[in-house]
Amino acid sequence: MSSKLSGKVAFVTGASRGIGRAIALRLAADGAKVALNFSSNVSKAEEVKAQIEAAGGAAMLVQGDVAKFEVVAELIKKVVGAWGRLDILINNAGITRDNLLIKMTEDDFDRVISTNLKGVFNCTKAVTRLMMKQRGGRIVNMSSVVGLKGNISQANYAAAKAGIIGFTKSAARELASRGVTVNAVTPGFINTDMTAALSEKVKEVMMQEIPAGRMGTPEDVANAVAFLVSDEAAYITGQVLSVDGGMVM
Ligand code: NAP
């Protein structure tokens, strides 16, 4: 375990699986205490907690739907109550409800926007006053290359992920003078449950778009996040960092 983030408290949404899990493990390995948010998968979240504790770190589970404003406020309160502060927020929770526009339902659109975009607002809002008071903080929002270039069958997802970029830049401007940085990461095609659900045909097409010639790993994304939340990244805010093997350049 390194001590880069020792004394720091992190809140990671969607930490039970995939990219959020890798970020939680990495921040804990760097010395932070980590609150693990997730929606329903208690056993997977327990596994992440156990893995952090086995390595000598500290973790707590904070189950709840990021789309619900009051729920999120309570979860943040719980963490601050237990650990006294909150330094790092990783807005990673996300879902897909893919369909061609002609078939996309209102519910497909609303659910993706409320989880992926409003969830970012809910969590950021819940920590903003505290981070301003602390005169320091790090917020990293998980966008996507799809938010930069669009994608067939993902109008809802692309709108949410592009929205996150506008949100990130606005929050960065508001909070910069208080030592709080807000950045977005745009992963490309990363090997998680989310992409495992894609058809072989879609996967083949996506692979052709990656100059690096391979899918990314959750750890590839966690490496970038670990840098953005570190002291070394104090002068970087409002930025959008692609972790995509060169997909978008
Ligand atoms: P994943 O493997 O499907 O995991 C999603 C995580 O989000 C799970 O921990 C899930 O919890 C949690 N979650 C879902 N809805 C939630 C809610 N309403 N409240 C709280 N937690 C919720 O996804 P992933 O591939 O790791 O993606 C993580 C983030 O990266 C997402 O924002 C995604 O859009 C973005 N991203 C992914 C890729 C990629 O290629 N994989 C590319 C670009 C961007 P449960 O386990 O309880 O369901």
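Index from 1, following the sequence. Note that ligands are numbered from 1 as they come in the structure, with each ligand's atoms numbered from 1 the same way. None of the values given here were measured: they were computed from a predicted structure. Just so it is clear, the values below take in all heavy atoms, side chains as well, and ignore hydrogens, waters and symmetry mates.
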**OP:** Please list, by chain and number, the protein residues whose heavy atoms come under 4.0 Å of ligand 1.
**Re:**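 Around ligand 1, where the cutoff is 4.0 Å for heavy atoms, the contacting residues are G14, A15, S16, R17, G18, I19, N37, F38, S39, S40, N41, G64, D65, V66, N92, A93, G94, I95, T115, M142, S143, S144, Y157, K161, P187, G188, F189, I190, T192, D193, M194, T195.
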Original post:
How are the rings of F121 and F167 set relative to one another: parallel (under 30°), tilted (30 to 60°) or perpendicular (over 60°)?
Top reply: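 Ring orientation, 0 to 90° scale: perpendicular.
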Subject >> Residue list, salt bridge (Lys or Arg N to Asp or Glu O under 4.0 Å) with E200, at least two apart or on another chain >> reply: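 Only K203 meet the salt bridge (Lys or Arg N to Asp or Glu O under 4.0 Å) criterion with E200.
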Original post:
Do you know which two heavy atoms are closest between A10 and A32, and how far apart they sit?
Top reply: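 Scanning both residues completely, I find the closest heavy atoms to be CB-CB, 4.5 Å.
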Subject >> Residue pair N41 / S16: nearest heavy atoms and the distance that separates them >> reply: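 So the two residues come closest at O-CB, 4.2 Å.
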**OP:** Give a yes or no on this: more than 12 heavy atoms of other residues, nucleotides or ligands lie within 6.0 Å of atom CD of E232.
**Re:**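 Buried by this count: over 12 neighbours within 6.0 Å.
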Original post:
For atom NZ of K44, is the number of surrounding heavy atoms from other residues, nucleotides or ligands below 6.0 Å larger than 12?
Top reply: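 Not buried by this count: 12 neighbours or fewer within 6.0 Å.
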